[in-house]
Amino acid sequence: MVQGIVNWNTQTTQKWLQNYVDDWVNFYQKNTNEGEVASYIPILQEANQQHLGISILGINGMEIRSGNVEIPFTIQSISKVFTFIVACIQRGVSYVLSKVDVEPTGGAFNSIMHLETRQVKKPFNPLVNAGAITITSMLIGDTAERKLEGFYQLLEKILGYRPPLNIDVYQSENESSVRNRAIGYYLLEMGYLESELDLTLETYFKQCSIEITIDDLARLGMILANDGEDPSTQEEIIPRQVARLAKVLMLTCGMYDASGKFAAYVGIPAKSGVSGGIVAVAPPRARDHQLPFLDGCGIGVYGPALDKQGNSIAGIRLLRHIANQWDLSIF
Ligand SMILES: NC(=O)CC[C@H](N)C(=O)O
């Protein structure tokens with residue numbers, strides 16, 4: 001592990017860093033006026049557009065939190081990273097990749113066009129809806145609850161508690177799910193689904209409706225930054241190969257059709273969700289010893305006002321600023 005010349009774990013340096021992050025959150029607060037809160041799932045409109053919060057958790061244990069840190073929100077598309085991981089653990093990596101590709105689409109997260117136009121007969125990647133619904137169909141179990149048991153167990157192992165299902169969000173999404181049903185029927189027609197359509201969609205909507213906080217996202221990101229291993233117990237929670245694959249997918253597809261720009265300007269694997277959350281993963285780096293979080297960290301951001309791609313506007317600006325200030329880019 002790289003040891004910095006500056007000891008970032010002292011209370012003085014931590015306070016100093018905290019002041020910086022507080023300033024940055026205050027500065028980017030103005031960007032919460034841009035964009036819109038998601039409305040295609042009606043209940044998500046109730047989110048407060050002004051909210052912005054960040055939680056950073058280092059592999060070395062250092063924690064910085066700022067802004068609206070206590071607001072619970074639903075995990076939405078961020079769940080896709082973790083159901084992919086569970087499917088790989090349950091079914092094996094090569095089987096999963098034989099059913100879903102690992103290519104970015106350059107299109108919207110809920111695009112159907114890509115399913116139709118593509119030559120290779122499988123969804124593009126596990127992080128767009130078509131690929132994610134296919135992955136959900138692969139989870140073992142004959143009810144939504146059984147299918148999600150592995151996902152819950154993974155979350156519980158990392159977070160230390162079982163996050164609750166927000167039943168109102170689930171119902172709202174279930175009732176307004178025309179597009180996802182259309183994708184589901186298309187997947188069914190193509191023979192991609194491994195479980196019955198209604199069961200698959202129920203499971204998918206439920207996985208998206210699990211309620212978490214930015215502290216949870218920071219912890220999930222930190223475990224991925226550490227290649228799937230819990231740094232305090234050295235326990236392998238996610239097999240290293242699967243954690244690596246998840247990070248590749250996050251980098252190339254995690255921010256949908258803004259993934260290229262995110263890689264260029266921020267430069268770390270990340271995954272967004274339409275409720276306004278982003279999980280970002282900064283792996284360990286060995287460069288300038290004067291920088292914080294050299295051992296790597298996970299970052300959770302919440303800002304429900306979204307751009308056209310469905311990513312948090314203020315959240316991305318804040319991440320970009322921090323990544324530049326601390327040289328987090330993996331490139
Ligand atoms: N981008 C997202 O977060 C989309 C997730 C949402 N539950 C949907 O399927 O539409």
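Whatever order the structure lists ligands and atoms in, that order sets their numbers, starting from 1.
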Considering the options K80, Q207, K147, which one meets the side chain to side chain donor-acceptor pair (under 3.5 Å) requirement together with T136?
Q207
Go through the structure and list residues passing ring-ring contact (aromatic ring centres under 6.0 Å, His included) with Y185, not counting sequence neighbours.
none
Minimum heavy-atom separation for S137 to Y192, with atom names?
OG-O, 4.2 Å
Shared ILVMFWY cluster between I223 and L249, side chains joined below 4.5 angstrom?
yes
Identify all N/O pairs between ligand 1 and the protein with a separation under 3.5 Å and present them as a table of atom names and distances.
| unit_1 | atom_1 | unit_2 | atom_2 | d |
| --- | --- | --- | --- | --- |
| ligand 1 | 1 (N) | S77 | OG | 2.9 |
| ligand 1 | 1 (N) | Y256 | OH | 3.0 |
| ligand 1 | 3 (O) | S77 | N | 3.1 |
| ligand 1 | 3 (O) | S77 | OG | 2.7 |
| ligand 1 | 3 (O) | V274 | N | 2.8 |
| ligand 1 | 7 (N) | Q76 | OE1 | 2.6 |
| ligand 1 | 7 (N) | E173 | OE1 | 3.0 |
| ligand 1 | 7 (N) | E173 | OE2 | 2.6 |
| ligand 1 | 9 (O) | N129 | ND2 | 3.1 |
| ligand 1 | 9 (O) | E173 | OE2 | 3.4 |
| ligand 1 | 9 (O) | N180 | ND2 | 2.9 |
| ligand 1 | 9 (O) | Y204 | OH | 2.7 |
| ligand 1 | 10 (O) | Y40 | OH | 2.5 |
| ligand 1 | 10 (O) | N180 | ND2 | 3.4 |

Any chain of hydrophobic side-chain contacts (each under 4.5 Å) joining F27 to V301?
yes
Does F124 share a hydrophobic cluster with V248, counting links as ILVMFWY side-chain heavy atoms below 4.5 Å and allowing steps through other members?
no
